[in-house]
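Along the sequence shown, residues are numbered consecutively beginning with 1. Each ligand, and each atom within it, is numbered from 1 in the order the structure gives.
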Amino acid sequence: MIQMKNSSNKRILITGGAGFLGSHLCERLLDEGHEVLCVDNFYTGRRMNIAHLLPNPRFEVMRHDICFPLYVEVDELYNFACPASPIHYQFDPVQTTKTSVHGSINMLGLAKRVKAKILQASTSEVYGDPTTHPQHEGYWGNVNPIGVRSCYDEGKRCAETLFFDYHRQHQLKIKVARIFNTYGPRMYPNDGRVVSNFIVQALQGEDLTVYGSGQQTRSFCYVDDLIEGLVRLMNSPDDVTGPVNLGKPNEFTILELAERVIKLTGSRSKIVFQTLPYDDPHQRRPDISLAKEKLDWEPKVSLEAGLKKTIAYFKG
Ligand SMILES: NC(=O)c1ccc[n+]([C@@H]2O[C@H](COP(=O)([O-])OP(=O)(O)OC[C@H]3O[C@@H](n4cnc5c(N)ncnc54)[C@H](O)[C@@H]3O)[C@@H](O)[C@H]2O)c1
C-alpha cells in the first residue's frame, strides 16, 4: 500500500545508527515523528542499542558497509559511520580510512543524487595535538600524518575536504560538526574510551588506569546535549555549513575524572598510572562561540548528572 508522507516528517538516513551516538540520534528523530533508516555494518555497533526501536513502524535497519554505494530515497543524511575509539579504529586502520574517505564519497554521491542535506560527524581529532587553546574552528590543527592515530584523524580531515568540495563544486547542502569527547549510556564497555573505562573498572572493583601523569585535560559532553546540537545544526539555515565545534567547554584532568568516578560509584578501586600512548593529545577544550551564535546551543547537563546516568546504565 502506498503511504503518504506528512510534509513536516522527513525520511532520514543515519549511517552508523547502531552505534553509541547514532542510536541516540535514531531515537531522537523517531520521537520527532520522522522516518529513520539506520544503516550499519555492525563493526562496533550493537543490535541491543536499537532493539527497543525495532517495533516502531517508522524505523528501518539495513546492514550495509558504506564503503560500497547505496541507493535509497531520503531527505536528510547524518553520516556517523566510523569506529570512534582508538582500540577499534586502530584494529583495522585501512578500513577506518576507507570508511571515512570512500564512505563519505558514497554518502555525498547519494546526497547529490537525491538532493538531500548531509551532516558529517567530524571530530576534535582534526585538531591533533593542538598548539592553541581552546580550539576554535579557524585553527588548522597539528596532526601527525603517519602515526597510529592518523587513519582516524586524517580520514576525518579528508572527509571534511570532500564535504566542502561537494558543497563548492555541486552546491550540496552540507553541515560539518566537530564533535568533542561525548559520553553516556550505550558507550561500548571495553573500547578504551576514558569515561566508560573508568566506570567499568570502578564498578568491577578494578584499579582505574590513568595514562601518563593524568594531568592531560579533556572536556566531556553528555550525549543528550550533543544530540540537541547536531539536530540544531541540521535544521540551521543553508549558509551555516560549519565546521562547528560541539562539545562541553569545561576542562577536567583525567585524574580528576577518575576521582569523580570513584566517588560516584562508591568504589574501593585505586588509581594506577601507565605509560601515555603515542600521539595522545595533551589538552582538548572546544571554543563553542560559533555554536552559541549560530545554533543558540550550549551543553546543559553537568558532569555529575551525566556520570550518574552513565553509571546507572553500566550497572544495568
Ligand atoms: N563519541 C564521541 O565522543 C565522538 C567524538 C568525535 C566524533 N565522533 C564521531 O561520531 C560518530 C559516531 O561515534 P560513536 O561514538 O557513536 O562510535 P561507535 O563506534 O559507537 O559508532 C560507529 C558506528 O558506525 C558503524 N560503522 C563503522 N564502520 C562502518 C561502515 N564502513 N559502514 C557502516 N557502518 C559502519 C559501527 O558499526 C557503529 O555502529 C563517528 O563518526 C565518530 O568519529 C564521536
Determine whether [X] and [Y] make a side-chain contact, defined as any pair of heavy atoms from C-beta on separated by less than 4.5 Å.
{"X": "Glu35", "Y": "Asn9", "answer": "no"}
{"X": "Leu246", "Y": "Leu295", "answer": "yes"}
{"X": "Thr241", "Y": "Phe164", "answer": "yes"}
{"X": "Pro299", "Y": "Tyr222", "answer": "no"}
{"X": "Ile254", "Y": "Phe198", "answer": "yes"}
{"X": "Tyr313", "Y": "Lys309", "answer": "no"}
{"X": "Arg260", "Y": "Glu256", "answer": "no"}

Under 3.5 Å: N/O of [X] near N/O of ligand 1:
{"X": "Tyr43", "answer": "yes"}
{"X": "Leu21", "answer": "yes"}
{"X": "Val39", "answer": "no"}

Any [X] heavy atom less than 4.0 Å from ligand 1:
{"X": "Arg46", "answer": "no"}
{"X": "Ser100", "answer": "no"}
{"X": "Glu125", "answer": "no"}
{"X": "Tyr188", "answer": "no"}
{"X": "Gly103", "answer": "no"}
{"X": "Lys98", "answer": "no"}
{"X": "Tyr183", "answer": "no"}
{"X": "Arg178", "answer": "no"}

Charged N to carboxylate O under 4.0 angstrom, [X] versus [Y]?
{"X": "Arg28", "Y": "Glu32", "value": "yes"}
{"X": "Lys263", "Y": "Glu259", "value": "no"}
{"X": "Asp75", "Y": "Arg11", "value": "yes"}
{"X": "Glu160", "Y": "Arg157", "value": "no"}

| task | Measure from NZ or CZ of Arg149 to the centre of the six-membered ring of Tyr89, then state whether that distance is under 6.0 Å and the direction lies within 45° of the axis. | result | no

| query | Within 45° of the six-membered ring axis of Tyr188 and under 6.0 Å from that ring's centre, is NZ or CZ of Arg46 located there? | reply | yes

I want to confirm something. Looking only at heavy atoms, which of [options] is nearest to [atom]?
{"atom": "atom 35 (C) of ligand 1", "options": "Ile66, Thr123, Asn41", "result": "Asn41"}
{"atom": "atom 39 (O) of ligand 1", "options": "Ile14, Asn49, Asn106, Asp40", "result": "Asp40"}
{"atom": "atom 21 (O) of ligand 1", "options": "Gly247, Ala84, Gly19", "result": "Gly19"}
{"atom": "atom 42 (C) of ligand 1", "options": "Tyr152, Phe80, Phe220", "result": "Tyr152"}
{"atom": "atom 20 (O) of ligand 1", "options": "Phe68, Phe20, Phe180", "result": "Phe20"}
{"atom": "atom 7 (C) of ligand 1", "options": "Gly17, Gly45, Pro83, Ser122", "result": "Ser122"}

Which ligand 1 atoms are under 4.0 Å away from a heavy-atom of [X]?
{"X": "Phe42", "value": "37 (O)"}
{"X": "Gly16", "value": "23 (C), 24 (O), 25 (C), 39 (O)"}
{"X": "Asn181", "value": "3 (O)"}
{"X": "Ile179", "value": "4 (C), 5 (C), 6 (C), 7 (C)"}
{"X": "Ala18", "value": "39 (O)"}
{"X": "His64", "value": "32 (N), 33 (C)"}
{"X": "Gln95", "value": "31 (N)"}

[atom]: nearest protein contact (heavy atom, Å):
{"atom": "atom 31 (N) of ligand 1", "answer": "Asp65 OD1, 2.9 Å"}
{"atom": "atom 22 (C) of ligand 1", "answer": "Cys82 O, 3.3 Å"}
{"atom": "atom 3 (O) of ligand 1", "answer": "Thr182 N, 2.9 Å"}
{"atom": "atom 41 (O) of ligand 1", "answer": "Lys156 NZ, 2.7 Å"}
{"atom": "atom 18 (P) of ligand 1", "answer": "Thr44 OG1, 3.7 Å"}
{"atom": "atom 1 (N) of ligand 1", "answer": "Arg193 NH1, 2.9 Å"}

| message | Test of understanding: clusters of I, L, V, M, F, W, Y form through side-chain heavy atoms closer than 4.5 Å, transitively. Do Val114 and Met234 belong to the same one? | response | no

| query | Got more than 12 heavy atoms from elsewhere within 6.0 Å of CZ, Phe42? | reply | yes

| field | Chi angles and distances behind the side-chain hydrogen bond (donor to acceptor under 3.5 Å, both in side chains) call for His133, Gln135 | value | CA-CA 5 Å; His133 197 68; Gln135 291 80 52; 3.2 Å; yes

| message | One pair to check against side-chain hydrogen bond (donor to acceptor under 3.5 Å, both in side chains): Thr131 and Tyr139. What are the steps and the verdict? | response | CA-CA 9 Å; Thr131 51; Tyr139 176 57; 2.8 Å; yes

| query | Considering only heavy atoms, does Ser85 approach ligand 1 within less than 4.0 Å through its side chain, its backbone, both, or neither? | reply | neither

| request: Classify the angle between the aromatic ring planes of Tyr127 and Phe180 as parallel (below 30°), tilted (30 to 60°) or perpendicular (above 60°). | output: tilted

